[in-house]
Amino acid sequence: MKLSPKILVVTGVLLLVVIGTVVWRRGWQGEKDPGAGGQGTGTEVTGAPQVENGPARVASASDGWKELDDPAADGWESEVLHRLLKKKLALLAQFVISGEPGEEGFGTVVAGEVEGSNLVPTDLEPVWSQGGVVVKRGVGLSGTDYRDPSGFVSAVQMVSRALGGKAETRRCAFKVVAIRPGPAGVQARVSVECARVDGTGVVEQHAEWMTTWQVSPGREDARLVGVILQGFEQSEGPGRLFTDCTESILEANDSYRRQLLRGYPYWLQRIQDTRQMTLLGTPGTALGDVNGDGLEDLYLCQAGGLPNRLYVQRPDGTLRDATAESGTGWVESSRAALLVDLDNDGDQDLAVATYARLVLARNDGSGRFEVMTVLETGIGSMGISAIDFDNDRDLDLYVCHYSRGDLDLEAGATVIGSGGRFVYHDANNAGRNYFFRNEIEGEKWKLQDVTEESGLDVNNRRFSLAAAWEDFDNDGDQDLYVANDFGRNNLYRNDEGRFTDIAPEMMGEDQASGMSVSWGDVNRDGRMDLYIANMFSAAGNRIAPQEGFSLGSSKEVRDALLRFARGNTLLVQEEGRFKDMSEELGVTMGRWAWSSIFTDINNDGWDDLLVANGYITTPDPGDL
């Protein structure tokens, strides 16, 4: 199999770029690191201006967490070193932004005998160009180009010059993704992301440095003694490829101002049922033409106590709130929705997964809906997908579940991991997923639960977040892939309406924190491939390889836990099995990824990739 050129990694500034294979977008904003145990602590070091949030905060009882989460007390030397290196890298980020060492020089960061390579390759080669966007790559540099601080200053200034523009238009962020103490010093692998956005265009850089630090015996100070560039990519374009048009299309609606613009902290203080909101945040959306005018309309799920919203598109592209007239402003906590034709009458009906039920409503053709049936699914409904699995020309529904369905277990993520039977890397004690066969006839809306009958009740107690259908084996029927948090995923092969989980034999389990899944043919060989969104954790990558991590566990378990920190997965189908080519093609680092999709962004006939990530911890830099 040949995949060429490789996937090009581009963050949110240009959003685009791959070509020949895949376009990958990853957010510029920081994220929380799940770490070894899944809890979030932000680790990104950035030189971007920070937003002030008012006067200095008064110390409170919650400050006790700072003492409890002290890496020196915990015994994790890597995290003591990381905390020290973060401070030094923050100064270096400011140096990149300004292009000058500053009034105090750079003596607090760099040792007197620093050596290393240039930080921008001199042989950058264009690997893709379209629509004014040019992507260039350079190979990593292993040689030594300088052996003194002045040489290092010149190397850093190469980064600033390559970005161009003025200091106020530049950003630079460092993330330490691996630390290894040794006799020659502390080695730290650093991910580098820099950008410049101004009226003349956008420049974006991605690099990886292997740095070496001289650390004082008491871990009070560190100086950089070596830095080698291991990879570099630069993208340039005339401006942002995507523009946020949310306000322009929704601002005329009172519900936009009074409900949608109110953020997560606001509603946490005002709505009664915050259980799923606390854990999972913002619910899902659906697109479909509800009134038959040829324009796509938008349905928004909301947290419990807030009405779901239906916005109908006008010819000028703006959206009008049609919730009241449509009859779909339900206030049950809703996690996902589909606009699909369930009764085969030519218009889009509505399926909504609420907290414990699946609500199905018929569309009269004008965008007015009538609830026809409510199916009990147990607490924890999550994603919905529709497919004609038995080729009888109507759509059947698959509903993912995340929790076991007990009210006393719905307090949040801390409870999920507290049960004695919970296995972080291989959980199989959640709520079951449901599969409903469509048996609608006229006014009689009946959907039959055929989960067990169809074979989909095998390995069906995992923490499922998303599912996607595709005829991956080209035998004429639709197969199912299910992305599960806390462990193994499922690949159910459809054999004339009977399913078998073949993920292990297909090498398709991807044992990690599955958040979403998308099918696409990345190399256009006629065989469908898989991309699964997981979580990338710099802290996990630093901690999990250490001998003191998960003491008493087998190597197999330790490796499985380390796998959780790696990030997203691209499984390419080869000779009847899947091959993990995620690292080879450079698509693992999607931050704390929540969703992903293959789509041909630039209409060149190749499947590109978009990845959405969450748990943002830094101000929006406005690069999208």
With distance as the sole criterion, is a donor-acceptor pair present between the side chains of [X] and [Y] under 3.5 Å?
{"X": "Gln259", "Y": "Arg309", "result": "yes"}
{"X": "Asn490", "Y": "Asp501", "result": "yes"}
{"X": "Ser596", "Y": "Ser518", "result": "no"}
{"X": "Asp345", "Y": "Asn363", "result": "no"}
{"X": "Ser334", "Y": "Asn308", "result": "yes"}
{"X": "Thr373", "Y": "Arg357", "result": "no"}
{"X": "Arg462", "Y": "Ser464", "result": "no"}
{"X": "Ser537", "Y": "Arg566", "result": "no"}
{"X": "Asp321", "Y": "Ser255", "result": "yes"}
{"X": "Asn433", "Y": "Tyr398", "result": "yes"}
{"X": "Tyr311", "Y": "Asn253", "result": "no"}
{"X": "Thr451", "Y": "Asp457", "result": "no"}

Correct closest heavy-atom pair for Leu339 and Gly288 would be CD1-N, 3.5 Å

| task | Taking all heavy atoms of Gly476 and all of Asp471, pick out the closest pair and write down the distance. | result |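 Scanning both residues completely, I find the closest heavy atoms to be N-OD2, 2.8 Å.
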
inquiry  = Between Phe435 and Trp469 (judged by ring centroids, cut-off 6.0 Å), do the two rings come close enough to count as a pair?
reply    = yes

ask   = Hey, is the main chain of Ala565 close enough, under 3.5 Å, to the side chain of Asn541 for a donor-acceptor pair?
value = yes

**Asked** Using 4.0 Å as the upper bound for N to carboxylate O, is an ion pair formed by Glu79 and Arg542?
**Response**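 Looking at Glu79 together with Arg542, the answer is yes, because their closest N to O distance falls below 4.0 Å.
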
Parallel under 30°, tilted from 30 to 60°, perpendicular over 60°: which one fits the rings of [X] and [Y]?
{"X": "Phe578", "Y": "Trp519", "answer": "tilted"}
{"X": "Phe486", "Y": "Phe463", "answer": "perpendicular"}
{"X": "Phe598", "Y": "Tyr531", "answer": "perpendicular"}

